[in-house]
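For reference, the structure discussed in these notes is given below.
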Amino acid sequence: MSIVDIKNNAEQKMQQSVESFKHALTKIRTGRANPGLLDTVHVDYYGAMVPISQVANVSLLDARTISVAPWEKGMGAKIEKAIRDSDLGLNPASQGDLIRVPMPAMTEERRKELTKVVRGEGEHAKVAIRNLRRDANEGVKKLVKDKLASEDDERRAHDDVQKFTDRFIADVDRLVAGKETDIMAV
């Protein structure tokens with residue numbers, strides 16, 4: 001493995017950490033409706049548990065209401081029950097074939113709790129990125145120790161790894177600040 005391979009591998013894994021953090025943020029509910037909020041809810045479909053998006057069309061009616069339109073007539077009640085039983089705190093209501101999922105207003109206390117959760121998730125992402133930086137630096141040191149790279153190469157590699165580590169940590173900070181703004185603004 002060369003220094004270039006180590007740097008590319010570390011950068012890819014850091015990017016994956018940021019993407020994972022973005023995905024975790026979609027599960028943290030703000031007062032606004034987001035169809036992705038129901039991605040974690042699964043429905044019993046002929047004995048198999050499948051995501052709602054595989055048995056219904058999930059979209060937005062307005063800024064505070066998600067609509068779920070089942071593709072089969074008999075699925076409405078099952079979907080409604082699955083949403084109600086999920087830990088999202090949502091209360092769906094049927095209107096003929098359409099299921100409306102209104103987003104309840106959030107209290108100030110709940111908003112503060114959610115900002116703490118967002119900061120905690122952000123800190124976990126930063127720790128993962130820093131661990132990847134450490135692993136990359138150790139890999140480069142091993143190459144120098146095995147006389148496969150020079151000390152100048154090691155310094156340049158450490159600088160490069162630090163640059164993209166800083167970039168990804170700044171991305172995480174930006175995502176945390178954006179999500180906190182979303183939570184507090186609603």
Side-chain angles (χ1 to χ4, degrees), residues 7-43 50-54 56-69 79-93 98-137 158-186:
K7 290 192 306 190
N8 289 341
N9 188 25
E11 191 169 13
Q12 286 174 350
K13 287 183 178 181
M14 287 181 189
Q15 181 63 43
Q16 289 173 349
S17 293
V18 171
E19 293 301 320
S20 174
F21 176 59
K22 284 180 186 175
H23 183 70
L25 285 182
T26 61
K27 295 177 183 170
I28 298 175
R29 182 172 67 85
T30 61
R32 272 189 226 136
N34 178 1
L37 191 62
L38 299 179
D39 287 348
T40 58
V41 180
H42 287 66
V43 178
V50 297
I52 285 182
S53 59
Q54 291 185 8
N57 185 24
V58 180
S59 61
L60 292 179
L61 285 178
D62 57 49
R64 299 186 63 89
T65 310
I66 300 172
S67 72
V68 181
I79 291 172
E80 194 174 345
K81 182 179 183 324
I83 294 171
R84 193 169 282 121
D85 292 346
S86 70
D87 61 349
L88 297 173
L90 301 174
N91 191 19
L98 185 71
I99 301 169
R100 295 171 51 100
V101 185
M103 301 300 292
M106 291 181 19
T107 64
E108 189 67 27
E109 181 180 320
R110 179 71 179 139
R111 290 175 202 238
K112 288 180 181 174
E113 285 176 24
L114 285 177
T115 58
K116 288 179 185 174
V117 169
V118 168
R119 286 185 191 134
E121 288 289 327
E123 203 51 48
H124 290 308
K126 288 183 199 177
V127 166
I129 290 168
R130 289 182 192 122
N131 286 341
L132 291 167
R133 175 189 60 192
R134 183 198 64 223
D135 294 345
N137 287 341
H158 286 314
D159 290 345
D160 291 345
V161 169
Q162 186 60 47
K163 282 178 189 168
F164 54 76
T165 299
D166 292 343
R167 188 179 78 226
F168 287 119
I169 286 185
D171 287 349
V172 169
D173 287 338
R174 197 172 358 83
L175 290 168
V176 167
K179 190 66 171 185
E180 285 179 351
T181 303
D182 279 356
I183 290 171
M184 298 309 279
V186 177

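Values reported hereafter were calculated over all heavy atoms of this structure, with side chains retained and with hydrogens, waters and symmetry mates removed.
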Non-neighbouring partners of His124 that pass side chain to side chain contact (heavy atoms under 4.5 Å, CB included), sequence neighbours left out
none

Of the non-hydrogen atoms in Glu80 and Ala93, which two are nearest, and what is the gap between them?
OE2-CA, 4.2 Å

Test side chain to side chain contact (heavy atoms under 4.5 Å, CB included) applied to Met14 and Thr165, step by step:
CA-CA 8 Å; Met14 287 181 189; Thr165 299; 3.1 Å; yes

Keeping Arg64 on the side-chain end and Pro102 on the backbone end, is there a donor-acceptor pair under 3.5 Å?
no

Using side chain to side chain contact (heavy atoms under 4.5 Å, CB included) as the criterion, list what pairs up with Lys116, not counting sequence neighbours.
none

What verdict does the side chain to side chain contact (heavy atoms under 4.5 Å, CB included) test give for Lys112 and Glu109, after you've listed the backbone C-alpha separation in whole Å, the side-chain angles of each residue and the deciding distance to 0.1 Å?
CA-CA 5 Å; Lys112 288 180 181 174; Glu109 181 180 320; 5.9 Å; no

Distance-only, no hydrogens or angles: does the Thr181 side chain make a donor-acceptor pair with backbone N or O of Ala177 under 3.5 Å?
yes

So, do Lys126 and Phe21 sit near enough that their side-chain heavy atoms are less than 4.5 Å apart?
no

Can you list everything that forms a side chain to side chain donor-acceptor pair (under 3.5 Å) with Asn9? Sequence neighbours excluded, please.
none

Run the side chain to side chain contact (heavy atoms under 4.5 Å, CB included) test on Ile52 and Ile83 for me, step by step, so that the C-alpha distance in whole Å, both residues' side-chain angles and the decisive distance to 0.1 Å come before the verdict.
CA-CA 9 Å; Ile52 285 182; Ile83 294 171; 3.6 Å; yes

Donor-acceptor under 3.5 Å (Lys179 side chain, Val118 main chain)
no

Student check: side-chain heavy atoms of Thr115 and Val176 closer than 4.5 Å:
no

Using every non-hydrogen atom in the two residues, find where Phe168 and Val18 come nearest and quote the distance to one decimal.
CD2-CG2, 3.8 Å

From Ile129 CD1 over to Asp171 CG, what is the distance, rounded to the nearest 0.5 angstrom?
8.0 Å

Kindly write out the residues that satisfy side chain to side chain contact (heavy atoms under 4.5 Å, CB included) with Pro51, not counting sequence neighbours, or none if the list is empty.
His42, Ser53, Gln54

Kindly determine whether Glu11 and Lys163 satisfy salt bridge (charged side-chain N to carboxylate O under 4.0 Å, His left out), including the steps that lead there.
CA-CA 10 Å; Glu11 191 169 13; Lys163 282 178 189 168; over 6 Å; no

Interatomic distance, His158 atom NE2 to Asn137 atom CG [nearest 0.5 angstrom]
4.5 Å

From Glu121 atom CD to Ser20 atom OG, the distance as rounded to the nearest 0.5 Å:
8.5 Å

Say you draw a straight line from OG of Ser59 to CD1 of Ile66; how long is it, rounded to the nearest 0.5 Å?
9.5 Å

Partners of Leu61 by side chain to side chain contact (heavy atoms under 4.5 Å, CB included), sequence neighbours excluded?
Thr65, Ser67, Leu98, Arg100

When Val68 is tested against each of Asn57, Val43, Val41, Ile99 for side chain to side chain contact (heavy atoms under 4.5 Å, CB included), which residue passes?
Ile99

Residues Arg119 and Glu123 bridged, charged N to O under 4.0 Å
no

Nearest 0.5 Å please: distance from the CG atom of Leu60 over to the CG atom of Leu37.
10.5 Å

Decide if atom NZ of Lys13 counts as having more than 12 heavy atoms of other residues, nucleotides or ligands within a radius under 6.0 Å.
no

Which residues pass the side chain to side chain donor-acceptor pair (under 3.5 Å) test with Gln15, sequence neighbours left out?
Glu19

To the closest 0.5 Å, what do you measure between CD (Gln162) and CD1 (Ile169)?
7.5 Å

side-chain hydrogen bond (donor to acceptor under 3.5 Å, both in side chains) between Asn131 and Arg134, worked out
CA-CA 5 Å; Asn131 286 341; Arg134 183 198 64 223; 3.2 Å; yes

